[in-house]
Amino acid sequence: MEEKVFYITTPIYYVNDVPHIGNAYTTMVADIVARFQRLLGREVLFATGTDEHAIKVAEAAEAEGIDPKTFVDRIAPKFKEVWKELEISYDDFIRTPEPRHVRVVQEAFRRLRDSGDIYRGVYEGWYCVPDETFFRESEVTDGLCPNPECRRPVQWVQEETYYFRLSAYQDRLLQWIESNPGCLQPEFRKNEVVSFIKHGLQDISVSRANRGWGIPVPDEPDKVIYVWFDALLNYITVAGWLSDEEKFHRTWPADLQLMGKDIFVRFHSTFWPAMLMGLGIQPPRVLFGHGFWSVEGEKISKSRGNAISPAKLAEDLASRSGAKREVAVDAIRYFMVREVPFGVDADFSRSALVHRFNSDLANDLGNLLNRTLSMVGSYFDGVVPKPAGVAEEIKSEVLSAVAECETALSSLEFARGLEAIWRAVSAGNRFVDERAPWRLMKEGKREEAATVLYSVLETARIVAITLSPVMPSAAREIWRQIGSPGDFESVGWAAALEWGVLPSGIMTAGPQPIFPRIEERKREPKAEAGAESPVGAGFAIPPQQAPEETKPEAEEPVISYDEFKKLDIRVAEIKSAEQVAGTDKLLQLTVDPGDGERTIVAGIAQWYEPEKLLGKKIVLLANLQPAKIRGVESRGMLLAADVDGRAIILTPDEDVPSGAKVR
RNA sequence: GGCGGAGUAGCUCAGUGGUUAGAGCACGCGGCUCAUACCCGCGGAGUCGUCGGUUCGAGUCCGACCUCCGCUACCA
């Protein structure tokens, strides 16, 4: 008997949405799972695709004066391009207009109609064309679509339509959920589904008037099939339903269907399994509704213009760090599954990405490889040394990390899996530190040094394997640099469970930093972490406004310690001072806050003479947004006591060096 | 309004009723010098949201309340 194929799906995406960080996330996660399963030796079918029959699509085409098919034929390939850039290893890419799919949809419709699950009725009420959604009379109060994202005018329609008897599946759905623990994940979203179903399910309209785009209802060409009915069925089209029964038998039910939380409850956890039940097909094994990404704390929306393109983001990251483009893609994949537990909402911020990149990838992993290969180069001519024995302590740490990683990845706990890998990385760094091969070499203990370095290379080999589902290119590069022979693509997870596989005597490729550190600002690394840099600091994330400033605060505002930490206040020496031409209050000062001279403008001319200020130590707010005052750029603010409008400069109680931090 | 979840270190979070509540990051100090100014070690005055209860013992169980979030319903 042939083994079940591991079948994993993403939703199929609307073709009028270019992939952004949100829907790329679903696809990246699916890719990670697919690669992991292949690594474990499973045959995998990983499917994604495009949903092209929406009325929105037809309208967008019309707006450009072309027919819908031409329109989608132009857009759909762009998805493939983006997925390729993001290293998405899909096996099948389905487009809903494909004949194999049209046939499935029509046949499913016909069968459900024959069995009575789809019946003819009349719909009367409000209809929102762009949303393709019907609303009850009570829901529409002002003639506008009740969907707050939409709010466009609705139409009163009265038409014959087909309904799917969703209401009949209430008990069967609840029973399915109850008797299949884990079929709806995460758990807290399962509860939402149960609660939704228990409130009562209404039959759902599954046809629309034919406006020249969509899959026609069998025998009734004046109607087309509702896009969700159409779209959901893609999952069984790909699996071979009606076209390849043998394949379908090996593939269905899907092992994992991933999607965002927005389409989890109503569509994937309710309508979809009910449709399958009506067709006599098993529901999928696991449906997973993950959380949403915000960007710099704000909801992703086209109108805000913060729907960042992951490909563009990778390009920017690459250019800022000097990493190869595919490594930058890997870094983004890493960030998105490492930053938060899978399932919950998360925020994508530039500073968090840079932080992860520098500390996890560059410092911990990259540098481990770099320092090791560098020593192998200088002590052993770049040849993998022969160990004198097995270093049990690091071996056991690494192998237990692998075991935990496997458990975690199997249960979709990616962050935990990566934490486990990083424990192996840390073990490597600690081992190098404790054994200090540079000291061993000085003491002439060459064999011991060989054992240490070999052990770390072995750690790197194992890390490369376990990391490869998340970071395929970086993993391949690690593999190459340590000189590991053989085709990396054909290595399996089992090779990570064994210690001592890397052959001695082979040449390494020498250290070439895979993740070059991103040096953001040379002189103020501390303030950088939390601060939002106001001026174009790279990355395609638009600068944010500061909304908290606009709220009127009647009471004395309180700031958190965190906010205080953002202030970079330092002692600075005044090097020169002169009146700003044409003003009577402003002095232009050259000050040295410890990192070189800079110019600031201060409104103290009425009380201080320029000559007397020379050499004086003042207190400077150094990271105030630069401003041009009377044509002079001021990069900082002198702090002074305000006594009835008069400024009194603050100076240190004792002489302190320029640059001393004030806190 | 109903249902559900969350509230633990500066931040993000772990934490089967059982000694002095943990991890990572950040911060501070020390060490090392192979390495991408990296890495390693050490450190912490936490009302475990509030109040009450059960218990020999509660971050953990129960009740009430406060705050935030999600889903759902907006029907007297």
Side-chain angles (χ1 to χ4, degrees), chain A residues 136 138-139 141 146 184 186-202 261-262 264-266 269-270 289 291-292 294 321-323 327 338-341 343-347 349 351-352 354-380 408 413 415-416 418-423 425-442 449 452-453 456 460 510-520 522-523 525-531 559-566 661 663:
Chain A
R136 265 166 288 164
S138 63
E139 289 179 281
T141 52
L184 301 181
E187 188 75 11
F188 65 87
R189 265 189 246 289
K190 181 192 92 172
N191 297 337
E192 294 172 7
V193 174
V194 170
S195 148
F196 174 72
I197 295 174
K198 282 185 174 165
H199 271 88
L201 296 175
Q202 295 192 320
K261 63 181 181 179
D262 55 332
F264 182 71
V265 176
R266 285 165 197 264
S269 300
T270 307
F292 275 4
S294 55
S321 105
V327 169
R338 173 64 185 80
E339 189 69 0
V340 285
V344 303
D345 291 351
D347 182 56
S349 80
S351 59
V354 169
H355 188 258
R356 284 279 175 211
F357 187 90
N358 279 347
S359 53
D360 295 1
L361 300 178
N363 295 350
D364 291 349
L365 174 58
N367 188 49
L368 174 65
L369 188 67
N370 203 55
R371 68 198 300 209
T372 305
L373 289 174
S374 160
M375 283 187 276
V376 169
S378 43
Y379 304 154
F380 297 96
E413 296 174 275
R416 196 161 71 82
L418 289 169
E419 278 172 37
I421 296 175
W422 254 255
R423 268 205 297 287
V425 171
S426 288
N429 272 320
R430 212 177 314 123
F431 192 64
V432 170
D433 219 69
E434 282 164 3
R435 300 305 187 88
W438 52 94
R439 196 185 61 226
L440 296 171
M441 289 304 288
K442 273 184 205 153
V452 173
L453 293 178
V456 183
Q512 292 152 20
I514 302 173
F515 311 101
R517 278 179 69 84
I518 299 166
E519 301 295 347
E520 284 251 71
K522 307 228 164 28
R523 49 172 167 265
K526 285 182 191 172
E528 180 54 34
I559 67 165
S560 67
Y561 181 68
D562 253 333
E563 289 174 283
F564 168 72
K565 274 201 306 192
K566 293 180 185 171
K661 182 111 178 122
R663 14 181 281 161

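Values in this document were obtained by computation on a predicted structure and should not be read as measured data. Each chain gets a letter, A, B and so on, in the order its sequence line appears, and its residues count up from 1.
- At whole-Å resolution of the value, CG in A:N370 and P in B:A37 are 9 Å apart.
- Across all strands shown, A:P516 has heavy atoms under 4.0 Å from base atoms, whether or not it also approaches the sugar-phosphate.
- Atom CE in A:M375 sits roughly 17 Å away from atom P in B:C38 (whole-Å rounding).
- A:F196 comes within contact range of the sugar-phosphate backbone alone, with a heavy-atom separation under 4.0 Å but no base atom that close.
- Taking the C1' atom of each, B:A23 and B:C62 are spaced 30 Å apart, rounded to whole Å.
- Helical stems in RNA chain B, defined as runs of 3 or more consecutive Watson-Crick or G-U wobble pairs with both donor-acceptor distances under 3.5 Å, are listed by first residue as B:1-7 with B:66-72, B:10-13 with B:22-25, B:27-31 with B:39-43, B:49-53 with B:61-65.
- Within 4.0 Å of A:F515, counting heavy atoms only, lies at least one base atom of the nucleic acid.
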field: A:F515 and A:D364: CA distance, side-chain angles, deciding distance, side chain to side chain contact (heavy atoms under 4.5 Å, CB included) verdict
entry: CA-CA 10 Å; A:F515 311 101; A:D364 291 349; over 6 Å; no
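- For the pair A:T270 (side chain) and A:V265 (backbone), a donor-acceptor distance under 3.5 Å is present.
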Polar pairs (N or O, both sides) under 3.5 Å between protein and nucleotides 39-42 of chain B?
{"residue": "B:C39", "atom": "OP1", "partner": "A:D364", "partner atom": "OD1", "Å": "2.9"}
{"residue": "B:C39", "atom": "O2'", "partner": "A:R371", "partner atom": "NH1", "Å": "3.1"}
{"residue": "B:C40", "atom": "O4'", "partner": "A:D433", "partner atom": "OD2", "Å": "3.1"}
{"residue": "B:G41", "atom": "OP1", "partner": "A:R430", "partner atom": "NE", "Å": "3.4"}

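- In this structure, A:D345 atom CG and B:U12 atom C1' are separated by 15 Å, rounded to whole Å.
- Annotation: B:A21 and B:G49 have their P atoms spaced 15 Å apart (nearest Å).
- Contact annotation for A:R266: backbone-only contact, meaning every heavy-atom pair under 4.0 Å involves sugar-phosphate atoms and none involves a base.
- Under 4.0 Å is where a charged nitrogen must lie from a carboxylate oxygen, and between A:E419 and A:R416 no such pair does.
- Taking atom P in both B:C34 and B:C29, the straight-line distance is 24 Å, to the nearest Å.
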